[in-house]
Amino acid sequence: MRTSIAMVVAEELEADWDKVRVTQAPGDESRYGNQDTDGSRSLRHFFDPMRHAGASARAMLEQAAADAWDVPVAEVRAEGHFVRHEGSDRRMGYGELAAAAAALPVPDREGVRLKDPATFHYVGKGDIGLVDNNDITRGTATYGIDVRREGMLYAVIARPPVFGGRISSVDESAALQVAGVERVVRLDPPAIPAEFQPLGGVAVIARNTWAAIKGREALVIEWDDGPHGSYSSEEYKTELEAAVQTSDGKLILNRGDVETALTAAPTRVVAEYYIPHLAQAPMEPPAAVADVRDGTCEVWACVQAPQVTRLRLAEQMELPEEDVTVNVTLLGGGFGRKSKPDFVLEAAILSREMGTPVKLTWTREDDLHHSYYHTVSVERLEAGLDHAGKAVAWLHRTAAPTIGSIFAPDPKEKLPFELGMGLTNMPLDIPNVRAENPQAPAHVRIGWYRSVSNIPHAFAIQSFIAELADAAGRDPRDYLLEVIGPARLIDPSEIGDVWNYGENPDRYPIDTGRLRKVTETVAEAIGWGREMRSGRGLGLAAHYSFASHVAVAAEVDVKDGEVHIPRVEISIDCGANVNPDRIRSQMEGAVVMGVGQALTTEMTFHDGRAQQGNFDSYLIPRMEVAPREINVHLASSGGYDQPLGVWANRACLRWSRPSPMRFSPPPGIASAACRWPINSAVEVPMRKMD
């Protein structure tokens, strides 16, 4: 976004890109607006305002030049960082005009002239590199872990190994004997639900991070594991499977008469899908530097939500918001994890305690053991097929602990925005549809994670459609298109979704024509229907998420029980493309990450403790797992005056047998917690059925 938003301004400003510099603003919503990057809406919401901002500045520069030359403004035109007089050879650079232009009134928005997209230099061209490329490549970019302050101390924290646990006793004597260790500080656990508050524990503060880590290793701590000390992934999976067997869950969607249609159907298909906990595992673990002194708090951190960070710091430090400064570094990966500022609050608490700047570092083990995990889920689907194999009834039961559990005493049922991620807004052309949500308590911190609840919903639905095609003896592509139905515009609120990603359904309807198009695009690109040798097959899936339409086709090869993915075709329709190169990068990375979730990544728990601690056990995809070939097809529906915006999607993948065979806070959740969208991006990974 640092590149794309600047690019939009520069386009309308008629700026020379070589002269464009991006300076990161601190978290200050009153001055700079909301800077959250976890809602997949940056360009969707800011493309038009940034166009007008650039065009307004251009108009002011033109007016300043016209005033300087005493000519009508109609005779001057901004172009390439200069304003030229069309009736002579006179020209003035933007730098010469900036002071005079800044003194002029900002033009009325309705009267600002926007450029004809046919004259765009940057937008839609795909040849602008990241503004930070040079710094990143040379190693001079500043991430959260890179920040240094004079007199800074370094800290790590031993946190309760079980969510909701607390210290029974601690012996710090050996830790204090470690060279470089300055002090050991106990941190009280938060009240549950904890929202973004630190987990508590024992902090070791030292003159360098290594000394702090060695000091932590020397601590002798006895923990009271609390109410979640017996949490087991295997046992909980059994509980969820039992929960989706009955109709006791909350009714969330009901069209037609599913029970009668299922009973009358000559063919009935049932499948269950299990999706484990997932950790965001950003390449840079959480890190923050805080300096709390003299009635002020200043932090430097890799945060996705600067304004929420500022608010929570002000509350924690008992300071006015204007005395809190949040300096935003490059992120080093986030995927939703770094929108929760618990790690920044930890750094601030320790700085206040020490009276000096403190740098807090999370190790990879800290990151995986104390994350805000993507929810675990069991999805049970039943369908009835008529004599022609057409689906006439569809029942979906979804059981998963909710994100709402970090905000309020465990609500146990999914919130409307979670249900509106691929479940209540599924555009199925099936006459009888019913969805239920059995209760599921949370035993770990649940958080938004790249695409959030689209992960279990789309994965299960798209896999199940392939199962129905097999049961009907139909081609999976043809069957998927039949279930999507004919091209039509669907108001999500009319099919059960009250959220629609926070967007106006009139402006952002579900467009099954667009969904069909991306599906047909990838099917053609992958060579759907071609003869496949034994052990190799093609898979196909399509999904609507965060106001975009996407489809993926994958070629999958199974040899000696090992899954290989030679090739993936992915097509996305996010409206007009602003920065095609970055969209392709998003899609390519999404495919790789989705493949990893399908085949390798999984968080499990025993006695309440996370069993994976580093990349030797939490297996993000290596080169041998990633597809050898990924081709991205960018569909473009509508012009730049139409809705647009790409979400950070994950690949929609599953495999079939080879041929031919307006969101409001939920009850009990403070409105302050919902001032920013609790959503992320779309992800539909593949995972084998149990």
Side-chain angles (χ1 to χ4, degrees), residues 24 26-28 142-159 167 170 172 175-176 178 180-190 194-216 219 284-332 338 340-363 366-367 370:
Q24 179 63 50
D28 186 339
T142 300
Y143 293 87
I145 205 167
D146 295 321
V147 175
R148 301 286 189 274
R149 305 299 295 172
E150 184 177 353
M152 185 171 72
L153 293 173
Y154 301 78
V156 297
I157 298 175
R159 299 171 185 83
I167 301 167
V170 58
E172 62 193 49
L176 291 171
V178 174
V181 170
E182 295 281 323
R183 191 171 168 189
V184 174
V185 176
R186 289 182 59 156
L187 301 174
D188 293 331
E195 200 230 30
F196 307 138
Q197 298 304 308
L199 291 169
V202 183
V204 177
I205 303 168
R207 291 191 293 273
N208 60 72
T209 299
W210 181 247
I213 291 173
K214 300 308 288 185
R216 181 173 67 174
L219 292 170
E284 177 197 24
V289 171
D291 188 354
V292 182
R293 288 182 290 184
D294 303 324
T296 64
C297 172
E298 185 169 12
V299 301
W300 296 258
C302 45
V303 291
Q304 291 180 258
Q307 180 61 26
V308 169
T309 302
R310 190 185 193 203
L311 288 169
R312 295 300 176 265
L313 283 168
E315 295 165 357
Q316 181 70 241
M317 298 294 106
E318 298 181 330
L319 292 171
E321 191 176 333
E322 57 267 24
D323 292 333
V324 176
T325 303
V326 176
N327 300 293
V328 183
T329 69
L330 292 183
L331 203 60
K338 293 177 183 174
K340 296 93 170 172
D342 56 325
F343 60 100
V344 188
L345 299 179
E346 289 176 332
I349 291 169
L350 296 177
S351 176
R352 181 177 59 184
E353 185 74 21
M354 300 301 293
T356 190
V358 171
K359 174 182 179 179
L360 176 74
T361 300
W362 285 46
T363 65
D366 294 336
D367 171 51
H370 305 292

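Just so it is clear, the values below take in all heavy atoms, side chains as well, and ignore hydrogens, waters and symmetry mates.
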Legend entry - Exercise: identify the closest heavy-atom pair between G215 and V181: CA-CG2, 4.1 Å
Legend entry - Salt-bridge criterion met for R293 and D291 (N-O under 4.0 Å): yes
Legend entry - E315-Q197 side chain donor-acceptor pair, cut-off 3.5 Å: no
Inset, instruction - Grab the two heavy atoms, one from C297 and one from A348, that are nearest each other, plus how far apart they are. - result: SG-CB, 4.4 Å
Inset, instruction - Could you walk me through whether N327 and E298 pass side chain to side chain donor-acceptor pair (under 3.5 Å), step by step? - result: CA-CA 8 Å; N327 300 293; E298 185 169 12; 2.9 Å; yes
Legend entry - Derivation of the side chain to side chain donor-acceptor pair (under 3.5 Å) call for E284 and W362: CA-CA 9 Å; E284 177 197 24; W362 285 46; over 6 Å; no
Legend entry - Nearest atoms (heavy-atom pairs only) where G201 meets I167: O-CD1, 3.6 Å
Legend entry - Check ion pair R159-E346 (N to O, under 4.0 angstrom): yes
Inset, instruction - First locate atom CH2 of W210, then atom OG1 of T361, and finally report the distance between them rounded to the nearest 0.5 Å. - result: 13.0 Å
Inset, instruction - Measure the spacing between CZ of R310 and CG of D28 and express it to the nearest 0.5 Å. - result: 4.0 Å
Legend entry - Within-4.5 Å side-chain heavy-atom neighbours: L360 and Y154: no
Legend entry - Atom of C302, atom of A287 and distance for their closest heavy-atom approach: SG-O, 3.5 Å
Inset, instruction - Working to the nearest 0.5 Å, report the span between CG of L345 and CE of M317. - result: 7.0 Å
Inset, instruction - Determine, stepwise, if the pair L330 / T142 fulfils side chain to side chain contact (heavy atoms under 4.5 Å, CB included). - result: CA-CA 6 Å; L330 292 183; T142 300; over 6 Å; no
Inset, instruction - Find out whether Y143 and L331 are in side-chain contact, i.e. whether some heavy atom of one side chain is under 4.5 Å from a heavy atom of the other. - result: no
Legend entry - Spacing of CE belonging to M152 relative to CD belonging to E150, to within rounding of 0.5 Å: 11.5 Å
Legend entry - K338 backbone acceptor or donor facing Q304 side chain under 3.5 Å: yes
Legend entry - Minimum-distance pair of heavy atoms, taken over all atoms of A158 and L219: CB-CD1, 4.3 Å
Legend entry - Donor-acceptor pair, side chain of S351 and main chain of T356, under 3.5 angstrom: yes
Inset, instruction - Apply side chain to side chain contact (heavy atoms under 4.5 Å, CB included) to the pair V202 and L187, showing each step before the final yes or no. - result: CA-CA 6 Å; V202 183; L187 301 174; over 6 Å; no
Legend entry - Side chains of P320 and D323 in contact at under 4.5 Å (non-hydrogen atoms): yes
Inset, instruction - Could you tell me the separation between the CZ atom of R183 and the CE atom of M354, rounded to the nearest 0.5 Å? - result: 5.5 Å
Legend entry - Passing option when K359 is tested against L350, D146, V289, N208 for side-chain contact (heavy atoms from CB on, under 4.5 Å): V289
Legend entry - Residues E195 and R312 bridged, charged N to O under 4.0 Å: yes
Legend entry - Heavy-atom closest pair, residues A206 and A212: CB-N, 3.6 Å
Legend entry - Value rounded to 0.5 Å, distance of CD1 in I157 from CG in D366: 8.5 Å
